[in-house]
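Every number for a ligand or one of its atoms is a count from 1 in the order of the listing.
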Amino acid sequence: MKPVYFISDLHLSEESPELTGLFVRFLNSSSAASAQSVFILGDLFDFWIGDDEVSELNTLVAREIRKLSDKGVAVFFVRGNRDFLIGQDFCRRAGMTLLPDYSVLDLFGSNTLICHGDTLCTDDKAYQRFRRVVHWNWLQKLFLMLPLRRRTRLAAKIRRVSKMGKQVKPADIMDVNASFTAQQVRAFNAERLIHGHTHREHIHHENGFTRIVLGDWHDNYASILRADKHGAVFVPLEKC
Ligand code: LP5
Ligand code: MN
């Protein structure tokens, strides 16, 4: 059985072409080409204001992902808190399948729950309130009707508020809530959880299940998890 790869939190933007370079390197690696599937668990982009924004960056990203899927590798995408507006149009362009917020995979015989991770941070009440509001369908529709320039300005404003807020929020409320997380894992009848969002790359063995946290991509570092019949490990990009 071919391996399966998991990545998240690349936060690609025009401002960090080096991260786009790392991603392209991964997509073109022999490991990615010989994978069964690649799961992108959200925050692929630093922010997303609608599939109708066709930029040089997202055109390149869509083309590179499609090249991999054209090789027969199934690419799946779960939305993050930065790119929750990615829709079917972009996924079609990239040749990837859009998944719901939570999915359970039979990963080499082990039931594995996957999600971005933001929904598990239930102690961050302000964020959860914000999330509920920006997921209102009518509000998203209204936002998507605005001119692109207006949307960009609004997104930048929200990013500024978010950045400032993070400086004063206690670090522990920005992590997953342990009992809510355990409850979700049990509800989905899973024995393993893979998520991103918190950027705290680690493999935890706790509360009777394994919780794998994907890291963010930064400073020439790519957080890549490989799962195969032997288990799941982080692999350096150089070995891919
Ligand atoms: O992303 P990060 O790591 O900085 O922080 C997240 C949470 N913040 C977010 C916001 C995103 O960064 C911004 C996404 C931009 C999307 C663009 C499209 C917008 C579309 C709107 C469609 C209807 O997710 C942050 C968490 C942190 O993770 C850790 O988990 O704490 O949560 C917040 O910062 C939320 C704040 O606590 C409350 C936000 C109030 C926002 C008020 C908006 C004011 C702007 C005024 C514009 C009119
Ligand atoms: Mn996130």
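- In summary, Asp118 places no N/O/S atom under 2.8 Å from the Mn ion (ligand 2), failing the contact criterion.
- Of all protein heavy atoms, the one lying nearest to atom 32 (O) of ligand 1 is Tyr127 CD1, 3.2 Å.
- Closest N/O/S atom of His197 to the Mn ion (ligand 2): ND1.
- Heavy atoms from both the backbone and the side chain of Ser162 come within less than 4.0 Å of ligand 1.
- Of the protein's heavy atoms, Lys166 NZ, 2.7 Å lies nearest to atom 3 (O) of ligand 1.
- The shortest side-chain heavy-atom distance between Asp43 and Ser8 does not fall under the 4.5 Å cut-off.
- With respect to atom 6 (C) of ligand 1, the closest heavy atom belonging to the protein is Asn81 ND2, 3.4 Å.
- Regarding atom 21 (C) of ligand 1, its nearest protein heavy-atom neighbour is Val134 CG1, 4.0 Å.
- Scanning the protein for heavy atoms near atom 42 (C) of ligand 1, the closest one is Val161 CG1, 4.3 Å.
- Each of the atoms 17 (C) of ligand 1 lies under 4.0 Å from some heavy atom of Ala155.
- Using modelled atom types, no side-chain atom of Glu64 and backbone atom of Val24 make a donor-acceptor pair closer than 3.5 Å.
- Outside the 6.0 Å centre-distance limit, the rings of Phe39 and Tyr5 are not counted as a close aromatic pair.
- The N/O atoms of Asp124, backbone and side chain alike, include one that comes under 3.5 Å of an N/O atom in ligand 1.
- Backbone and side-chain nitrogen or oxygen atoms of Lys157 are examined, and none is located within less than 3.5 angstrom of a nitrogen or oxygen of ligand 1.
- Ligand 1 is approached by Leu154 to a heavy-atom distance shorter than 4.0 Å.
- Within the set Phe130, Phe143, Phe47, the minimum heavy-atom distance to atom 39 (C) of ligand 1 is found for Phe130.
- The side-chain contact (heavy atoms from CB on, under 4.5 Å) test applied to Arg63 returns Leu60, not counting sequence neighbours.
- Side-chain N/O atoms of Tyr127 and Ser162 include no donor and acceptor closer than 3.5 Å.
- Of the charged side-chain nitrogens involved, at least one lies within less than 4.0 Å of a carboxylate oxygen, so that Asp46 and Arg82 count as a salt-bridged pair.
- Here Arg66 pairs with Asp70 in a salt bridge; the nearest charged N to carboxylate O distance falls below 4.0 Å.
- Nearest N/O/S atom of His116 relative to the Mn ion (ligand 2): this is NE2.
- Ligand 1 lies within reach of His197, whose nearest heavy atom is under 4.0 Å from it.
- The side-chain heavy atoms of Ile158 and Phe130, taken from C-beta on, include a pair separated by under 4.5 Å.
- For Asp43 atom OD2 and Asn81 atom OD1, the angle they make at the Mn ion (ligand 2) is roughly 90°, to 10 degrees.
- Nearest protein neighbour of atom 18 (C) of ligand 1, counting heavy atoms only, is Trp48 O, 3.8 Å.
- The proximity of Lys169 to ligand 1, defined as any non-hydrogen pair under 4.0 Å, is limited to the side chain.
- By the 4.0 Å N-to-carboxylate-O rule, Arg151 lies close enough to Asp52 to be salt-bridged with it.
- Residue Leu139 approaches ligand 1 through these ligand atoms, each under 4.0 Å from one of its heavy atoms: 23 (C).
- Residue Arg151 does not touch ligand 1, judged by heavy-atom distances below 4.0 Å.
- Nearest to atom 45 (C) of ligand 1 among the protein's heavy atoms is Ile158 CG1, 3.9 Å.
- Residues Leu99 and Ile40 do not share a hydrophobic cluster, clusters being chains of Ile/Leu/Val/Met/Phe/Trp/Tyr side chains in contact below 4.5 Å.
- Summarising the geometry, atom CG belonging to Leu237 is positioned 9.0 Å from atom OG belonging to Ser31; distances are rounded to the nearest 0.5 Å.
- Of the protein's heavy atoms, Arg82 NE, 2.5 Å lies nearest to atom 1 (O) of ligand 1.
- Under a 4.0 Å N-O distance rule, the pair Asp51/Arg92 does not qualify as a salt bridge.
- In terms of heavy atoms, Leu22 sits closest to Asn220 at CD2-OD1, 3.4 Å.
- Of all atoms in ligand 1, numbered sequentially from 1 with element shown, those under 4.0 Å from a heavy atom of Arg159 are 1 (O), 2 (P), 4 (O), 12 (O), 13 (C).
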